[in-house]
Number of protein chains: 2
Amino acid sequence: MARTETSARPCADQAQPYDVFAKACPSRSTLEHITGRWGSLTLGALSENTLRFNELRRRVDGVSEKMLSQTLHALERDGLVHREAAATNPPRVDYRLTPLGHAVAERLLALIDLVEERMPEVLAAREAYDARGGR
Amino acid sequence: MARTETSARPCADQAQPYDVFAKACPSRSTLEHITGRWGSLTLGALSENTLRFNELRRRVDGVSEKMLSQTLHALERDGLVHREAAATNPPRVDYRLTPLGHAVAERLLALIDLVEERMPEVLAAREAYDARGGR
DNA sequence: CAGCATCCCACAGGATACTG
DNA sequence: CAGTATCCTGTGGGATGCTG
């Protein structure tokens, strides 16, 4: 509707300033941080609680130290996650969502919940697809 | 909330049969097809219109022939996209969302719209982050 | 505990060419 | 037009080791 089929590619016009469909638009990289393999799960985990680094690692099953660290940096840079370090010994660092992060996570969780709910349909579709030999 | 902190990892219990946070759960691969780099944009494009292969290529700026083909196969297998081929010459193939695909795309677009709307905040956060030297 | 630095490899994904 | 097949590269991401 709003998004016109003939919109200019370079991502900037007055009606729709940021268009994720345009290759060069910064909104695309942001969306990728959010929906990426680890980004989505990290945001989902933090939507429930403030968590520490290793708590997150356990919650997001299968994430490596390196990827979690990298993911958190990207989300922090985009203003979705806030990092709070206490200079104690042993060190304690808490990660929590910013207001913007919460808004994003809310929509993301709506999607995740839907996917989880509808998995039986997805699995049935996969079986049917495979049964007829991938066509 | 409902999601308990101590949920069993193997993805199956009666209250929450499919848990995307569990490494081995099939819902995770489905979520990745949906939120993946090309999956999200493909679903977004198809939520507006039925599109043909090359129309999709133009709409999803930057996608290669190979990746679009691969993405469409995955989405079709998961029961999100329906492929309709007319045996004419030249051939004509239309891709459209299934009802499940529409439900998914609706939530996905809600997320995409939010991201596009809030990009000014994101960009401001990035500048601030970079200005203080990445901390 | 919270993490950066390094090494290394598998695979995502682009470019090109070919087919029905 | 609507793809598949092949080749090749960049990088996502795991394993390991070290620091404050």
Side-chain angles (χ1 to χ4, degrees), chain A residues 21-24 28-42 45-46 49-77 81-96 129 133-135, chain B residues 23-24 28-42 45-46 49-78 81-96 129 132-135:
Chain A
F21 286 93
K23 185 158 64 171
R28 189 126 140 190
S29 66
T30 304
L31 184 67
E32 277 165 20
H33 295 156
I34 293 168
T35 63
R37 188 161 175 202
W38 304 120
S40 57
L41 297 175
T42 301
L46 288 176
N49 293 301
T50 292
L51 291 174
R52 304 174 60 177
F53 190 83
N54 281 314
E55 288 173 336
L56 263 172
R57 272 199 74 185
R58 261 161 288 156
R59 189 72 225 284
V60 180
D61 192 19
V63 69
S64 71
E65 203 173 78
K66 177 183 163 184
M67 290 319 298
L68 181 57
S69 172
Q70 206 167 288
T71 300
L72 285 168
H73 278 313
L75 295 177
E76 193 192 349
R77 190 169 103 101
V81 163
H82 178 75
R83 177 182 188 278
E84 192 145 14
T88 57
N89 193 316
R92 178 195 180 91
V93 181
D94 289 287
Y95 290 95
R96 57 184 173 76
Y129 183 91
R135 267 176 325 110
Chain B
K23 184 158 62 170
R28 194 176 223 171
S29 66
T30 303
L31 185 67
E32 277 165 21
H33 295 157
I34 293 167
T35 61
R37 188 160 173 203
W38 304 120
S40 57
L41 298 176
T42 301
L46 288 177
N49 293 301
T50 291
L51 291 174
R52 304 173 59 178
F53 190 84
N54 281 314
E55 287 173 336
L56 264 170
R57 272 200 75 185
R58 259 162 286 151
R59 187 73 225 285
V60 180
D61 193 18
V63 70
S64 70
E65 213 170 69
K66 177 183 163 184
M67 290 319 296
L68 180 57
S69 172
Q70 206 167 287
T71 300
L72 285 168
H73 279 313
L75 295 177
E76 192 193 349
R77 190 169 106 99
D78 285 355
V81 163
H82 178 74
R83 179 183 188 277
E84 192 145 14
T88 59
N89 192 316
R92 176 193 182 91
V93 180
D94 289 287
Y95 290 94
R96 58 185 173 74
Y129 183 91
R132 65 176 187 268
R135 267 175 326 108

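Quick note on labels: first sequence line is chain A, next is B, and so on, each numbered from 1. Note that this is a predicted model, so its numbers are computed, not measured.
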Quick one: is C:dG3 close enough that its OP1 or OP2 comes under 4.0 Å of any side-chain N or O from A:Tyr95?
yes

The criterion is side-chain hydrogen bond (donor to acceptor under 3.5 Å, both in side chains); which residues satisfy it with A:Arg83, sequence neighbours excluded?
A:Tyr95

Anything under 4.0 Å to a heavy atom of chain A counts; send over the first and last such nucleotide of DNA chain D, read 5' to 3'.
D:dG13 to D:dG20

How far does the helix from C:dC1-D:dG20 to C:dG20-D:dC1 bend, going by the axes of its first and last five pairs, to the nearest 10°?
50°

Please identify each residue that fulfils salt bridge (Lys or Arg N to Asp or Glu O under 4.0 Å) with A:Arg57, with sequence neighbours left out.
A:Glu65

For DNA chain C, find the residues of residues 30-38 of chain B with a heavy-atom distance under 4.0 Å and give them by number; none if there aren't any.
B:Arg37, B:Trp38

Could you tell me which residues satisfy side-chain contact (heavy atoms from CB on, under 4.5 Å) with B:Ala45, sequence neighbours excluded, listed by chain and number?
A:Phe21, B:Leu51, B:Leu56, B:Arg59, B:Val60

Tell me which of B:Met67 and A:Arg52 sits closer to the 5' end of DNA chain C, going by the nucleotide each one is nearest to.
A:Arg52

Pairs: protein N or O with nucleotides 15-20 of chain C N or O, under 3.5 Å:
| unit_1 | atom_1 | unit_2 | atom_2 | d |
| --- | --- | --- | --- | --- |
| C:dA17 | N6 | B:Glu65 | OE1 | 3.4 |

Run the side-chain hydrogen bond (donor to acceptor under 3.5 Å, both in side chains) test against B:Asp94 and tell me which residues pass, sequence neighbours left out.
B:Arg92

side-chain hydrogen bond (donor to acceptor under 3.5 Å, both in side chains) involving A:Thr30 - partner list, sequence neighbours excluded:
B:Arg126

With A:Arg96 via side-chain hydrogen bond (donor to acceptor under 3.5 Å, both in side chains) - residues at least two apart:
none

Phosphate-side-chain proximity, A:His73 and C:dG3, N/O vs OP1/OP2 below 4.0 Å:
no

Looking only at side-chain N and O atoms, does A:Ser69 come under 4.0 Å of OP1 or OP2 in C:dC4?
yes

Pairing residues for B:Arg135 by the salt bridge (Lys or Arg N to Asp or Glu O under 4.0 Å) criterion, not counting sequence neighbours
none

